[in-house]
2 protein chains.
Amino acid sequence: MTTGMEDHIVAAAPAAGADAAEANPLLARIRASLPELRKSERAVGEFVLAKPNEVLNISIAELAYRVGVSQPTVARFVGAVGFPGFKDFKLRLAQSLASGVPYVHGDVGPDDSLEEVAPKVFNRSIAALMNVRNQLDPARLGRAVEVITRAGRMEFYGVGNSGIVASDAQHKFFRFGIPAVAYSDPHTQGMAATLLEPGDVVVAISASGRTPELIRACELARDAGAEVIAITATASPLARVSTVLLAADVHEDPDVYAPMTSRIVHLALIDVLSVSVALASGPELIKRLERTKQTLRDKRIRGFEE
Amino acid sequence: MTTGMEDHIVAAAPAAGADAAEANPLLARIRASLPELRKSERAVGEFVLAKPNEVLNISIAELAYRVGVSQPTVARFVGAVGFPGFKDFKLRLAQSLASGVPYVHGDVGPDDSLEEVAPKVFNRSIAALMNVRNQLDPARLGRAVEVITRAGRMEFYGVGNSGIVASDAQHKFFRFGIPAVAYSDPHTQGMAATLLEPGDVVVAISASGRTPELIRACELARDAGAEVIAITATASPLARVSTVLLAADVHEDPDVYAPMTSRIVHLALIDVLSVSVALASGPELIKRLERTKQTLRDKRIRGFEE
DNA sequence: GGAGAAATGTAATTTTCTTTCAAAAACACC
DNA sequence: GGTGTTTTTGAAAGAAAATTACATTTCTCC
């Protein structure tokens, strides 16, 4: 197959023997998890990184043969990088390769001028949003909405910088009349989680999905019978302890110049969630909100949305 | 910088009823061959056109069931539009949908399905980012960076939801070793502003730029000799009291379904600012940051960036 | 209304993927 | 250096999905 995409990808790989993984979040993820994989699984990963486009067109048996391992090994590799099965993996890979285009602009480097930096930073965020948009699973979103509309109360957990996103989410859902709180302190999260009841919903936000305390808190929440919606990276431990996963795979560069696209993506997902819940809740919610807004306007109480 | 992405958004937003096929070559092909298909095959085609994203995640059996036809009919449809098999079809469809073209446009409305909402919300944010990116004045950004690099201390003011952005900014700049604080309470902001000294920098964040207390605080800051960088709408009162304006004009819909794009845009601007400052501060900052990071990694202290 | 052709569905086949379990390799501990 | 244990890997059975072959229905036109 030749789609012409390869060119983009290659063009996007700037200096330093960098390859497609630089530009593509999924490939970057595979590369990142490479060291943690077993030897033969790693061989599979390396093959995928080397020839991602070929992988699209071959079966698991063919891939296993080409790499020189068994089919279950390929299957395990797929599981290790966070996909439920080989089919899903191929589908996501196809999407990811196709959507890699916006990355052509490259990363910010030490020699960039100010005029160059701003568009690059914006473009990274834009590209990240496009990626997550394309990979968002409507079914999962639907489940999340369902769970929230039935929720007795909502709690938003985010540690460190993600705490900010949690606060934002709390603001939004609180306006809907859903009792909502946000905790950014791990200990408080843990304590709050034990007090949850069945039907309550926790939304856990984390870029890496590897904060032990947050994961623990989510486990506690689940033990208490609450639903746990995770906004995090697909293959992360946090994703595993969640009941509904909203995937936010962002190629988060460890580089200092790297903008923090993850936060923007998380906010966008919260936006999607809140708008969806608003829609699902139907006209009565809408009316109530509109009335509140009108009241605020009438009384000239400003500064609520600034 | 022109990426061509804008065209997709704008050019692709035709009449309201227009659907995916407008923007997507594969879907367009399906639509074109629709009249030549047999009745039940056409039903399959229509389903695919209506919900292309769902098709990606279901099997041929499921699709057949949903359309109300048999599996071979689906297979024949796939063959009729020119694919060797269902698997190939799904793969191509996935790629085609992912290729960056936002195929759902316009605003979110009460009648939108869940599948439509998510892309729309994302697209709004993407479009907003593009707008601000294109309108950003490099000269002003340069002045902002200059002011910040010389700053003795930084204070971030944001009221209500914008307080979240202020916190985020504070996190970022604090990591650079710049004494930074964030206040989201108007009164504290006013008090803090009077205590500033010449050379200090206030960054005021507000979507509307019409929060009286925030404006007052900025005036006080200016009286104290501090620089005031405003991230807000161009013509707003806040913009007028600022010394450096970073324009963030977002069409903030008063609609209930409207996602809050302003926050995302503000965060992106903070990102631009912090990355720019990092670049301007040169290698010694970079080195310091890298050392810090390495130390954290070495000690396996995780959870700082989550 | 019935013969023939077209359209569609049923069921069997084949391919592809997943799971189970056993063998082999690596490892730790004597 | 050997022995028991864990980890890693593969062989083979099982399940799921897609394709093919064939039968049935539906339509058309005489």
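Protein chains get the first letters and strands the later ones, always in sequence-line order, with residue 1 at the start of each. Treat the numbers as computed from the prediction; the structure is a model and nothing was measured.
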J.: For DNA chain C, determine which residues of residues 66-82 of chain A have any heavy atom closer than 4.0 angstrom to one of its atoms, and list them numerically.
T.: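 When residues 66-82 of chain A is checked for heavy atoms under 4.0 Å from DNA chain C, the hits, listed by number, are A:Gln71, A:Pro72.
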
J.: Flag the pair A:Arg216 and A:Glu219 as a salt bridge only when some basic side-chain nitrogen lies within less than 4.0 angstrom of an acidic carboxylate oxygen.
T.: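 A salt bridge is present here (some side-chain N lies under 4.0 Å from a carboxylate O).
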
J.: Using atom CD1 of A:Ile60 as one end and atom P of D:dA18 as the other, report the distance to the nearest whole Å.
T.: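 Value for this atom pair: 15 Å.
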
J.: Determine whether a donor-acceptor pair (N or O, by modelled atom type, separation under 3.5 Å) exists between the side chain of A:Asp88 and the backbone of A:Phe83.
T.: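 The answer is no, because no donor-acceptor pair under 3.5 Å joins these two groups.
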
J.: Send over the distance from A:Leu63 CG to C:dT15 P, rounded to a whole Å.
T.: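 These atoms are roughly 19 Å apart.
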
J.: Can you tell me how far the CD1 atom of A:Ile229 sits from the CD1 atom of A:Ile148, to the nearest 0.5 Å?
T.: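 So the gap between those two atoms works out to 4.0 Å.
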
J.: Does the distance from a Lys or Arg side-chain N to an Asp or Glu carboxylate O, for B:Glu62 and B:Arg66, drop under 4.0 Å?
T.: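 Looking at B:Glu62 and B:Arg66, the cut-off is met.
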
J.: How close or far is atom C1' of D:dA18 from atom CD1 of B:Ile58, stated in whole angstroms?
T.: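 Atom CD1 in B:Ile58 sits about 14 Å away from atom C1' in D:dA18.
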
J.: What is the separation between atom NZ on B:Lys87 and atom C1' on C:dT15, rounded to the nearest whole Å?
T.: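 Going from NZ in B:Lys87 over to C1' in C:dT15 covers 8 Å.
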
J.: Mind checking whether A:Tyr183 and A:Tyr157 have parallel, tilted or perpendicular rings, split at 30° and 60°?
T.: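 Geometry flag for A:Tyr157 against A:Tyr183: tilted rings.
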
J.: What is the distance from CG of A:Asp88 to C1' of C:dT16, rounded to the nearest Å?
T.: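 Between C1' of C:dT16 and CG of A:Asp88: 14 Å.
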
J.: When you compare the side chain of A:Val44 with that of A:Val78, does any pair of heavy atoms fall below 4.5 Å?
T.: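 Not touching, per the 4.5 Å side-chain cut-off.
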
J.: Nearest whole Å is fine: how far is C:dT16 P from A:Asn57 CG?
T.: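 Roughly 13 Å, once rounded to whole Å.
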
J.: How long is the straight-line distance from CG of A:Leu220 back to CD1 of A:Ile215, given to the nearest 0.5 Å?
T.: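 Going from CD1 on A:Ile215 over to CG on A:Leu220, the span is 12.0 Å.
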
J.: Give the residues of residues 32-44 of chain A touching DNA chain D, defined as any heavy atom closer than 4.0 Å, sorted by residue number.
T.: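 Close to the strand are A:Arg38, A:Lys39, A:Ser40.
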
J.: Does A:Glu146 form a salt bridge (Lys or Arg N to Asp or Glu O under 4.0 Å) with A:Arg150? I'd like the steps, not just the answer.
T.: CA-CA 6 Å; A:Glu146 203 184 307; A:Arg150 285 202 307 245; 3.2 Å; yes

J.: Quickly work out the B:Phe83 CZ to D:dT19 P distance and round it to whole Å.
T.: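 It works out to 13 Å between those atoms.
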
J.: Any side-chain heavy-atom pair from A:Arg153 and A:Leu196 closer than 4.5 angstrom?
T.: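 Heavy-atom side-chain distance check passes, below 4.5 Å.
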
J.: Rounded to the nearest angstrom, tell me the gap between atom NZ in A:Lys90 and atom C1' in C:dT18.
T.: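 Rounded to whole Å, this separation is 15 Å.
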
